[in-house]
**Q** 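This is the structure I have questions about; it appears just below.
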Amino acid sequence: MTSTTLSTSPPLLPRPSTEPTQPPVSNDPPSFTPIHDASDINQIELLSVSWNQDYGCFAAGTSQDFRIYNCQPFKETFRRNLKTGGFKIVEMLFRCNILALVGGESNSHYPPNKVIIWDDHQSRCIGEFAFRSEVRAVKLRRDRIVVVLEHKIYVYGFMDLKLLHQIETLANPRGLCCLSHHSNTSVLACPGLYRGLIRVEHFGLNIMKLINAHDSHIACLTLTLDGLLLATASTKGTLIRIFNTMDGTRLQEVRRGVDRADIYSIALSPNFQWLAVSSDKGTVHIFHLRVRVFGGHSSSQSSSVQGPALLHQNSSTSLDALIPPSTGANPSSSLSFMRGVLPKYFSSEWSFARFHLPEDTQFIAAFGSQNTVVVVGMNGSFYRCSFDPVHGGEMLQQEYVRFLKTKT
């Protein structure tokens with residue numbers, strides 16, 4: 001049961017393009033100007049961190065306010081203290097003036113069961129959704145607002161806030177859900193009604209696909225910007241699998257490790273070449289994707305194994321499984337010739353590059369420019385590191401910033 005309120009003033013249309021690269025922060029709307037107020041004298045609690053859709057910015061919800069940071073160059077672009085308490089969810093829409101906010105437990109005006117659509121240009125709420133249960137996540141794209149509850153997902157139109165779809169899910173306390181962000185594809189992925197099952201909705205085609213991704217419960221999932229590739233991990237946390245969302249085919253499987261782990265984030269690079277995984281083991285792993293893209297972002301590989309093309313949803317992009325040359329490939333066990341005889345991990349693909357972090361903090365990772373990875377931690381830390389795309393190995397730290405002093 002939901003209630004929706006729409007302001008008489010409609011949301012401003014998002015201004016930046018949806019392409020993977022965005023203009024520098026100086027080109028942002030006026031509301032995104034830096035605020036040079038006093039630094040944090042009293043330590044505050046960091047409630048959430050989340051990337052925008054192109055990973056060029058991230059939002060931080062704290063026990064007092066919400067803040068937006070630009071990644072390159074790194075700087076705080078603005079913060080807002082609404083004098084009502086903290087925010088546990090702050091969802092950006094690329095770099096435009098519209099955000100989705102969900103208050104923390106102590107927020108006196110915006111409770112955790114209400115989604116606020118905030119126009120920072122007008123400095124006011126322009127719409128809200130109220131629910132009977134706590135909101136687990138909110139996802140935005142230019143034409144949709146998606147609200148995730150523990151057992152149901154609601155999809156609304158962006159301009160009029162009308163309810164378009166309702167999706168039942170298995171218990172989803174993590175608020176797992178992801179969207180495509182290209183204008184010619186409209187894809188949503190979320191947990192299904194059974195353990196290890198993922199539901200993929202291609203709204204533009206009126207197609208729904210169910211993918212049996214794992215034996216255990218789903219812990220993390222992400223889509224490429226066009227929604228044609230899906231990467232998943234289970235609560236076991238040892239394997240990451242990549243699927244074709246059109247037909248559900250499993251294209252690749254890589255191994256993070258042998259021991260169980262809590263997967264915090266999965267990221268797919270815009271050029272379809274790399275996958276990054278962060279977990280409670282304190283390591284960001286980079287894997288080389290064996291997927292070839294034709295008609296869209298192209299790989300530097302010259303040889304391919306032709307497969308069925310994905311020529312749907314008015315997209316010219318197609319994906320084929322590709323076994324790459326040894327250059328840039330994930331290392332495999334020397335006992336891989338014993339596939340089917342020895343336990344499965346002996347023939348697994350292992351990570352190509354690694355970056356080590358403190359194990360006592362939750363980190364989310366994403367891809368930056370020119371073979372770099374950006375990492376944000378719930379301890380208020382930001383890292384930028386680079387990897388060698390040919391030889392892999394240990395990644396090199398390029399930048400470290402402590403952007404927020406948090407409670408210990």
Side-chain angles (χ1 to χ4, degrees), residues 1-6 47-48 50 53 61 87-91 93 98-105 107 110-118 125 127-181 185-214 216-223 227 230 232-235 243 245 248 263 266:
M1 188 87 178
T2 69
S3 64
T4 305
T5 303
L6 176 65
L47 303 181
S48 68
S50 60
Q53 289 79 2
F87 293 91
K88 71 166 190 172
I89 295 174
V90 182
E91 182 73 9
L93 180 60
I98 305 297
L99 300 98
L101 307 173
V102 178
E105 295 291 342
N107 195 307
Y110 303 125
N113 67 323
K114 184 180 287 189
V115 177
I116 302 303
I117 306 302
W118 178 263
C125 169
E128 64 180 52
F129 305 90
F131 302 89
R132 289 184 175 177
S133 60
E134 183 177 345
V135 175
R136 299 296 184 178
V138 183
K139 302 297 179 182
L140 301 179
R141 52 174 280 149
R142 299 195 183 283
D143 57 354
R144 296 289 185 269
I145 298 170
V146 177
V147 180
V148 184
L149 307 183
E150 184 151 353
H151 292 276
K152 186 171 281 191
I153 294 175
Y154 294 93
V155 182
Y156 299 89
F158 193 91
M159 294 303 297
D160 56 12
L161 306 190
K162 288 184 177 179
L163 180 63
L164 302 176
H165 308 279
Q166 299 182 52
I167 301 172
E168 301 277 349
T169 70
L170 192 66
N172 185 16
R174 298 176 185 238
L176 300 178
C177 181
C178 52
L179 303 174
S180 65
H181 294 287
T185 59
S186 182
V187 186
L188 178 150
C190 65
L193 287 171
Y194 303 100
R195 183 181 65 188
L197 187 69
I198 291 178
R199 175 172 176 164
V200 179
E201 293 280 355
H202 289 264
F203 291 122
L205 297 173
N206 292 319
I207 292 175
M208 188 270 287
K209 191 72 185 176
L210 297 175
I211 299 175
N212 288 301
H214 299 273
S216 304
H217 289 281
I218 304 301
C220 195
L221 73 167
T222 193
L223 288 166
L230 169 72
T232 68
S234 75
T235 51
F243 297 90
T245 63
I263 302 298
I266 303 175

**Q** Can you sort out the partners of His151 under ring pair (Phe, Tyr, Trp, His ring centres under 6.0 Å), two or more places apart, ordered by chain and number?
**A** none
**Q** Any side-chain heavy-atom pair from Phe158 and Leu93 closer than 4.5 angstrom?
**A** yes
**Q** Can you give me the closest heavy-atom contact between Val102 and Val115, atom names plus distance?
**A** CG2-CG2, 4.0 Å
**Q** State, yes or no, whether a side-chain contact exists between Cys178 and Lys139 at a heavy-atom distance under 4.5 Å.
**A** no
**Q** Can you measure from CD1 (Ile153) to CG (Asn172) and round to the nearest 0.5 angstrom?
**A** 6.0 Å
**Q** Quick one: closest heavy-atom pair of Lys209 and Gly248, and the distance?
**A** CE-N, 4.0 Å
**Q** Could you tell me which residues satisfy side chain to side chain donor-acceptor pair (under 3.5 Å) with Arg144, sequence neighbours excluded, listed by chain and number?
**A** none
**Q** In Å, rounded to the nearest 0.5 Å, how long is the span from CZ of Arg142 to OG of Ser186?
**A** 13.5 Å
**Q** What heavy-atom pair brings Ala100 and Ile117 nearest, and what distance separates the two atoms?
**A** CB-CD1, 4.2 Å
**Q** Going by the angle between their ring planes, with limits at 30° and 60°, are Phe131 and Tyr154 parallel, tilted or perpendicular?
**A** tilted
**Q** With heavy-atom distances below 4.5 Å as the criterion, would you say the side chains of Phe129 and Val138 are in contact?
**A** no
**Q** Heavy-atom distance under 4.5 Å between the side chains of Ser48 and Ile89, does that happen here?
**A** no
**Q** Kindly compute the distance separating CG (Leu101) from CD (Glu128), expressed to the nearest 0.5 Å.
**A** 11.5 Å
**Q** Where the side chain of His202 meets the backbone of Thr245, is there a donor-acceptor pair that is under 3.5 Å apart?
**A** yes
**Q** Report yes if the side chains of Ile167 and Glu201 come closer than 4.5 Å at any heavy-atom pair, otherwise no.
**A** yes
**Q** Which heavy atom of Thr232 sits nearest to which heavy atom of Ile266, and what is that distance?
**A** C-CD1, 3.8 Å
**Q** Could you note down all residue pairs passing salt bridge (Lys or Arg N to Asp or Glu O under 4.0 Å) where residues 170-181 supplies at least one of them, sequence neighbours left out?
**A** Arg174-Asp262
**Q** Do Glu91 and Gln53 make a side-chain contact, defined as non-hydrogen atoms from C-beta onward lying under 4.5 Å apart?
**A** yes
**Q** List the residues meeting side chain to side chain donor-acceptor pair (under 3.5 Å) with Lys88, not counting sequence neighbours, and say none if there are none.
**A** Glu134
**Q** Report the distance from atom NZ of Lys162 to atom CD1 of Ile145, rounding to the nearest 0.5 Å.
**A** 14.0 Å
**Q** Under the rule for side chain to side chain donor-acceptor pair (under 3.5 Å), what residues qualify as partners of Asp143, not counting sequence neighbours?
**A** Arg141
**Q** Which pair of non-hydrogen atoms, one from Leu161 and one from Tyr156, has the smallest distance, and what is that distance?
**A** O-CD2, 3.4 Å
**Q** Starting at CD1 of Ile218, measure out to OG1 of Thr169 and round the result to the nearest 0.5 Å.
**A** 12.0 Å
**Q** Answer whether the closest heavy-atom distance between the side chains of Leu193 and Leu170 falls below 4.5 Å.
**A** no
**Q** My understanding is that only residues two or more places apart in sequence, or in another chain, count here; which of them pass side-chain contact (heavy atoms from CB on, under 4.5 Å) with Leu47?
**A** Glu45
**Q** Considering all heavy atoms of both residues, which atom of Gly175 and which atom of Arg136 are nearest to each other, and what is their separation?
**A** CA-CB, 3.6 Å
**Q** Just verifying a value: how many Å separate Ile198 CD1 and Phe243 CZ, rounded to the nearest 0.5 Å?
**A** 6.5 Å
**Q** Does any non-hydrogen side-chain atom of Val148 lie less than 4.5 Å from one of Cys190?
**A** no
**Q** Looking only at atom types and distance, does a side-chain atom of Ser180 sit under 3.5 Å from a main-chain N or O of Thr185, one as donor and one as acceptor?
**A** yes
